[in-house]
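Here is the structure we will look at.
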Amino acid sequence: MSRPIEPIRLGFMPLIDAAIPIVAADKGFAALEGLDLQLMRETSWANIRDRIAIGHFEAAHLLAPMPLAANLGLTPFEAPLVTPMALGPGANAITVSRALYEAMRAAAPDLQVNDPVSVGAALKAVVQARAGKALQFAVVHPHSAQNYVLRYWLSACGITPDRDVEIGVLPPPLMPDALASGAVDGFCVGEPWNSRAAHQGAGAIVLTKVAIWRGGPEKVLGFRRAFAEAKPQVLQAALRAMKAAAQWCRQPEHHEELIDILSRANRLNISAKDIGAALTGTMPLADGRQIAIDPFGDEAALRPDIGAADWFFAQMVRWGQVTDTADNCAAATSAFRPDLLPGAIAAEAATASGFFDQA
Amino acid sequence: MGSKSLTRAFDPSLRPEPCAIGALGLNLAPMTSPDLCILVLDENTVRAAIIEAGLREAGHTRVHIVTEMHGLVRRITEIAPDVIVIDLSNPNRDQLEHLLQMSRAVRKPIAMFVDQSDRDMMEQAIEAGVSAYVVDGLRQDRVKSILDMAIARFNAFSRLQAELEDTRQALEDRKAIDRAKALLMKTRAMSEDEAHHLLRRTAMTQSRRMGDVARALVASAELLLGDEK
């Protein structure tokens with residue numbers, strides 16, 4: 001007797017960290033669990049947000065703070081989400097234009113690349129010399145780890161976001177060109193866009209997100225809460241398939257095949273060379289050092305730590321996106337549900353610590 | 001970033017009170033109100049033109065089409081639209097939403113056109129592949145007709161594209177079937193009818209389309225016999 005096939009429609013953006021759901025579908029891990037995992041590629045986070053809300057998708061690849069925003073009523077449609085799994089620590093970094101990098105080096109000759117305190121001090125010196133003319137930075141979305149991490153670091157270094165540095169939104173593929181044309185002075189984005197800007201000679205990678213915040217998810221897997229509650233067994237099956245896919249992705253001997261799968265036209269539709277560089281390559285820092293990229297992390301990285309949700313909520317309050325009430329806090333943090341992950345993964349030392357300026 | 005404004009496209013207090021005149025079916029829109037300025041963001045120039053034509057037919061004269069996403073901020077600032085219609089395949093939607101919430105970039109805050117009572121309509125819009133943003137406080141009934149029209153035109157455009165694709169496919173099938181028949185007639189000394197029946201029978205037993213069977217036959221013949229063009 002064969003099990004009924006459960007359809008799950010999952011929206012994703014064509015980014016490296018969509019690898020786990022893509023592999024779950026394309027390598028048959030979902031089918032093994034009796035699931036018909038249908039992947040739908042999207043062109044904006046706004047589309048994913050709207051389509052999961054109106055029920056076109058049961059699940060989606062999301063920016064980590066998006067489920068919090070959905071549960072806080074910050075989205076156009078009321079549709080609570082739950083996040084039982086994070087999709088790895090990612091590879092975000094902060095890249096500045098060559099001109100800004102030279103100005104930073106001139107202002108602080110002892111600049112240590114990838115040291116948040118040193119890079120922050122150099123940037124602050126440049127900001128002060130500009131006497132009120134704000135720098136322009138870009139992130140992918142207001143509700144993104146990139147936005148909050150960038151703002152956290154700037155503030156910790158005595159730079160005021162929105163006054164000293166304006167932070168706008170740009171689609172990541174446009175960021176290297178925006179840097180080259182002078183439309184922006186810097187950005188915080190995932191790979192391969194930092195490396196792309198560095199290779200084009202337009203940008204200098206000055207800081208990795210890991211140097212600012214050691215843990216913390218950038219993308220997560222979200223489900224409609226109504227679906228998770230109505231079909232707990234299907235959810236468990238989906239998560240087992242995702243865990244198996246994650247394990248497959250982590251193994252270096254699968255990387256060649258993974259690159260092939262991801263580069264397909266209906267998946268990322270990016271050249272195998274670019275995907276290979278983002279998966280197994282290194283990120284070229286401004287001082288010539290190469291930083292190894294580890295897009296998947298270990299199994300513990302799959303755990304959507306509630307400490308991280310707490311931190312995202314605190315940032316949303318800090319930047320005026322939401323008011324600080326007990327109800328809001330509960331709505332936000334209840335988005336992350338590590339308890340739903342099958343074969344619970346032990347909590348590491350709380351993810352929300354691990355900030356460069358906290359002992 | 002005040003994204004809360006996204007959910008507050010319409011302040012209920014700004015809605016006209018129902019009144020007796022409304023019940024008589026008279027148009028409550030003030031006759032002196034200026035024509036709405038509408039911006040259509042669509043990288044598909046053909047579809048953009050279809051939307052524009054629809055808006056002009058509906059009596060809107062201030063319609064701007066932007067198909068080129070470079071310098072979007074400047075264009076929006078210049079045009080200062082009351083309503084923005086955007087296709088959902090546009091990767092700049094995240095940027096647009098952020099931009100619309102920044103008071104410095106636009107004259108008045110603009111939010112996604114959404115209201116609990118209009119959830120159905122937004123669902124239809126998203127199904128059709130279009131979304132709309134309107135300036136805060138704009139009367140809902142005035143926007144509704146614009147979005148209705150956009151949804152209808154998007155759907156019509158999709159149907160047209162599907163029909164075009166079907167026609168193209170049918171033509172290619174015809175060509176492949178003719179070549180396959182010619183091959184069979186030549187190599188197996190069949191009549192045209194026999195060749196046709198063989199192709200149809202094969203397609204039926206293999207549950208494949210006749211065009212696909214013909215294409216496979218032509219492709220293998222090219223491999224075996226060399227290109228017989």
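Just so it is clear, the values below take in all heavy atoms, side chains as well, and ignore hydrogens, waters and symmetry mates.
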> Which atom names give the shortest non-hydrogen contact between B/P91 and A/P171, and what distance separates them?
Replying inline: O-CG, 3.6 Å

> Taking atom CD1 of A/I54 and atom CD of B/E123, what is their separation to the nearest 0.5 Å?
Replying inline: 5.0 Å

>> Is it the case that the side chain of A/N47 and the backbone of B/L88 share a donor-acceptor pair, with hydrogens and angles ignored and the cut-off at 3.5 Å?
In response: yes

>> Pair A/R49, B/E97 - check side-chain contact (heavy atoms from CB on, under 4.5 Å), show working.
In response: CA-CA 12 Å; A/R49 175 200 67 205; B/E97 286 195 356; 2.7 Å; yes

> Under a 4.5 Å heavy-atom cut-off, does chain B meet the side chain of A/V322, its backbone, both or neither?
Replying inline: neither

> Taking atom OG of A/S44 and atom CG of B/N92, what is their separation to the nearest 0.5 Å?
Replying inline: 9.5 Å

> So do the side chains of A/H56 and B/E127 get within less than 4.5 Å of each other, counting heavy atoms only?
Replying inline: yes

> Quick check: are there more than 12 heavy atoms from other residues, nucleotides or ligands sitting under 6.0 Å from CZ of A/R130?
Replying inline: yes

>> Which atoms of A/A183 are under 4.5 Å from chain B, going by heavy atoms: the side chain, the backbone, both sets, or neither?
In response: neither

> Is the shortest side-chain N to carboxylate O distance from B/R93 to A/D50 below 4.0 Å?
Replying inline: yes

>> To the closest 0.5 Å, what do you measure between CG (B/D94) and CG (A/L63)?
In response: 8.0 Å

> From B/S89 OG over to A/E42 CD, what is the distance, rounded to the nearest 0.5 angstrom?
Replying inline: 9.5 Å

> Is there a side-chain contact (heavy atoms from CB on, under 4.5 Å) between A/T43 and B/N90 once you walk through the steps?
Replying inline: CA-CA 7 Å; A/T43 51; B/N90 195 314; over 6 Å; no

> Name the one of A/N147, A/V169, A/V140 that satisfies side-chain contact (heavy atoms from CB on, under 4.5 Å) with B/H98?
Replying inline: A/V169

